[in-house]
S.K.: 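Have a look at the structure that comes next, please.
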Amino acid sequence: MIERAVREIRDFAEETGLTEKRILVLFSGGKDSSLVLYLLKQAGLDVSALTFFHRWSWKETLNWAMKFTKGLGVGHYLVDITDGLLREAVGRKGPVCIHCKKVMLWNAKWFALNNGFEVLAKGDNANDKIIGALLDQCDGDIRLCGIPRIGVPFFRPLIKYTAEEVEALAEEAGIRPYRMYEHARRRQWREGCPLQYIDKEETIRPELMDLAYRVNYEVSKISRRRRVRVSVRVPSFEVMAWNPDEETLRGIGEVVRRFKGGSDASARKA
């Protein structure tokens with residue numbers, strides 16, 4: 001599968017002129033963006049990685065991402081968006097991810113334009129919701145979209161692959177990102193950052209951002225050890241878990257009570 005995927009990317013790049021372009025991959029350190037970076041490198045394209053982080057980002061996944069790009073031998077740029085995220089999100093309703101993606105998109109645009117990159121690449125696959133999104137405003141092959149509002153074309157080499165196919169490709173390539181064992185918001189394993197667990201009806205405040213990080217970091221120590229996906233919403237302290245056993249729930253309950261001041265958290269098994 002890897003050889004076929006690399007060949008398809010190389011052929012597409014030759015058809016569209018991407019072989020002559022500098023490509024910047026929006027690299028989160030997750031499986032999809034890691035696979036994109038790997039495939040583009042294997043296809044012989046001029047590729048670098050761009051990772052955004054903020055003060056609530058998981059340091060463990062960032063460290064893994066830096067090791068991964070070093071192993072591939074590609075340039076890796078790190079940009080702190082803490083100030084921009086605070087300006088965009090604080091005082092507004094959640095989820096935080098909506099505001100964070102806006103900050104990342106515009107930072108990616110200007111970073112690319114100011115540093116000589118001609119194409120941005122993303123790890124979207126066929127299971128991602130793209131209907132009505134900005135990247136649907138493209139003529140022809142949806143793998144390469146020129147969007148006037150952005151001014152930099154987007155390359156999505158995995159957009160015709162299902163999540164299951166991406167999983168198989170990543171496994172074949174030996175790509176195994178560091179897991180925090182988050183519950184995530186969808187059935188596919190979509191880790192991100194703890195700010196996604198601020199209750200969506202809440203007005204975003206720095207105190208809630210700090211709380212979401214602290215609670216979920218402590219929870220991750222248990223969930224990684226038990227290999228059970230768990231996250232905690234704040235300030236409701238609702239516990240979300242995929243098929244937890246009683247020992248895991250007891251440990252999570254102790255963490256929640258410590259932060260909540262002795263009250264029981266509501267639990268929901270998925």
Side-chain angles (χ1 to χ4, degrees), residues 5-6 8-10 12-13 16-18 21-43 45-53 57 61-62 65 68-69 72 74-79 81 97-113 115 117-167 169-170 173 175 177 184-186 188-193 196:
V6 170
E8 288 176 352
I9 289 173
R10 188 181 296 118
F12 183 74
T16 57
L18 288 175
K21 306 290 187 182
R22 294 184 69 210
I23 302 172
L24 185 63
V25 176
L26 304 187
F27 176 55
S28 67
K31 188 164 288 187
D32 291 4
S33 60
S34 299
L35 179 61
V36 166
L37 199 59
Y38 175 87
L39 291 174
L40 297 188
K41 176 67 173 178
Q42 292 300 312
L45 301 182
D46 185 354
V47 61
S48 298
L50 174 63
T51 298
F52 294 113
F53 69 97
S57 297
T61 56
L62 185 59
F68 181 76
T69 53
L72 281 183
V74 301
H76 190 178
Y77 302 91
L78 306 176
V79 176
I81 59 168
C97 303
I98 295 174
H99 310 300
C100 191
K101 286 178 180 178
K102 181 179 179 181
V103 173
M104 288 192 291
L105 178 61
W106 291 106
N107 272 276
K109 167 189 173 176
W110 290 111
F111 186 93
L113 292 175
N115 291 279
F117 290 97
E118 301 160 280
V119 178
L120 291 169
K122 293 177 85 274
D124 296 346
N125 65 57
N127 289 59
D128 290 316
K129 182 179 179 182
I130 59 169
I131 296 175
L134 187 63
L135 286 176
D136 281 345
Q137 303 173 27
C138 47
D139 300 322
D141 197 309
I142 63 173
R143 284 176 290 182
L144 185 62
C145 300
I147 307 170
R149 283 176 56 191
I150 301 300
V152 182
F154 271 91
F155 181 30
R156 297 183 293 172
L158 302 180
I159 197 62
K160 296 186 177 182
Y161 290 88
T162 66
E164 291 75 19
E165 289 170 331
V166 169
E167 188 80 23
L169 283 166
I175 298 172
R185 294 178 298 163
R186 287 194 273 172
Q188 292 96 4
W189 198 327
R190 287 284 185 164
E191 296 197 333
C193 86
Q196 66 181 306

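We use all heavy atoms of the structure for the numbers below, so side chains are in, but hydrogens, waters and symmetry mates are not.
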S.K.: Return the NZ to CZ distance between K109 and F154, rounded to the nearest 0.5 Å.
M.R.: 10.5 Å
S.K.: With sequence neighbours left out, what residues match A108 under side-chain contact (heavy atoms from CB on, under 4.5 Å)?
M.R.: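 Partners of A108 under the side-chain contact (heavy atoms from CB on, under 4.5 Å) test: L26, L50, F52, L120.
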S.K.: Return yes if some donor-acceptor pair links the side-chain N/O of R143 with the main-chain N/O of I159 below 3.5 Å, else return no.
M.R.: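 Flag not set: sc R143 to bb I159 has no pair under 3.5 Å.
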S.K.: I9 versus L45: any side-chain heavy-atom pair under 4.5 Å?
M.R.: yes
S.K.: What residues, two or more places apart in sequence or in another chain, satisfy side-chain contact (heavy atoms from CB on, under 4.5 Å) together with E167?
M.R.: K31
S.K.: Where do E165 and Y161 come nearest, in terms of heavy atoms and distance?
M.R.: OE1-CA, 3.3 Å
S.K.: Residues in ring pair (Phe, Tyr, Trp, His ring centres under 6.0 Å) with F117, at least two apart?
M.R.: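 F117 satisfies ring pair (Phe, Tyr, Trp, His ring centres under 6.0 Å) with Y77 only.
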S.K.: Can you name the side chain to side chain donor-acceptor pair (under 3.5 Å) partners of S28, sequence neighbours left out?
M.R.: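 With neighbours one apart ignored, the set is S33.
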S.K.: Considering residues at least two apart in sequence or located in another chain, which fulfil the ring pair (Phe, Tyr, Trp, His ring centres under 6.0 Å) criterion with F12?
M.R.: F155
S.K.: I need the minimum non-hydrogen distance between K41 and V74, along with the two atoms involved.
M.R.: CD-CG1, 3.7 Å
S.K.: I'd like to check I81 versus C100 (side-chain heavy atoms, cut-off strictly below 4.5 Å). Are they in contact?
M.R.: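 Yes. Closest side-chain heavy atoms under 4.5 Å.
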S.K.: Go through it in stages, so that I can follow the logic: the residues are N127 and E164, the test is side-chain contact (heavy atoms from CB on, under 4.5 Å), and I'd like the CA-CA distance, side-chain angles, deciding distance and then a yes or no.
M.R.: CA-CA 9 Å; N127 289 59; E164 291 75 19; 4.2 Å; yes
S.K.: Mind checking what makes side-chain contact (heavy atoms from CB on, under 4.5 Å) contact with A49, not counting sequence neighbours?
M.R.: F27, L37, T69, H76
S.K.: I want to check something: taking the side chain as every heavy atom from C-beta on, are E118 and L18 in contact at a cut-off of under 4.5 Å?
M.R.: no
S.K.: Grab the two heavy atoms, one from R156 and one from C145, that are nearest each other, plus how far apart they are.
M.R.: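 That would be NH2-SG, 3.8 Å.
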S.K.: Would you compute the distance between atom CD1 of I142 and atom NZ of K160 and round it to the nearest 0.5 angstrom?
M.R.: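 That separation rounds to 6.0 Å.
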S.K.: If we ignore hydrogens and angles and just use 3.5 Å, is the side chain of E8 paired with the main-chain N or O of A5 as donor and acceptor?
M.R.: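 Not a single qualifying donor-acceptor pair exists.
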S.K.: For P177 and G29, which heavy atoms make the closest approach, and how far apart are they?
M.R.: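 Minimum heavy-atom contact is CB-O, 3.4 Å.
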S.K.: Locate the shortest heavy-atom distance separating G123 from L158; write the atom from each residue and the value.
M.R.: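 Closest approach of G123 to L158: O-CD1, 4.1 Å.
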S.K.: What are the two closest heavy atoms between N125 and A163, and how far apart are they?
M.R.: OD1-N, 4.0 Å
S.K.: So, taking the atom named CD1 in I175 and the one named CZ in F68, what distance separates them when rounded to the nearest 0.5 Å?
M.R.: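 Output value for this atom pair is 4.0 Å.
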S.K.: Once you round to the nearest 0.5 Å, how far does CG of L24 lie from CG of N115?
M.R.: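 One finds 8.5 Å between CG of L24 and CG of N115.
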S.K.: Under 4.5 Å between any side-chain heavy atoms of L78 and L62, yes or no?
M.R.: yes
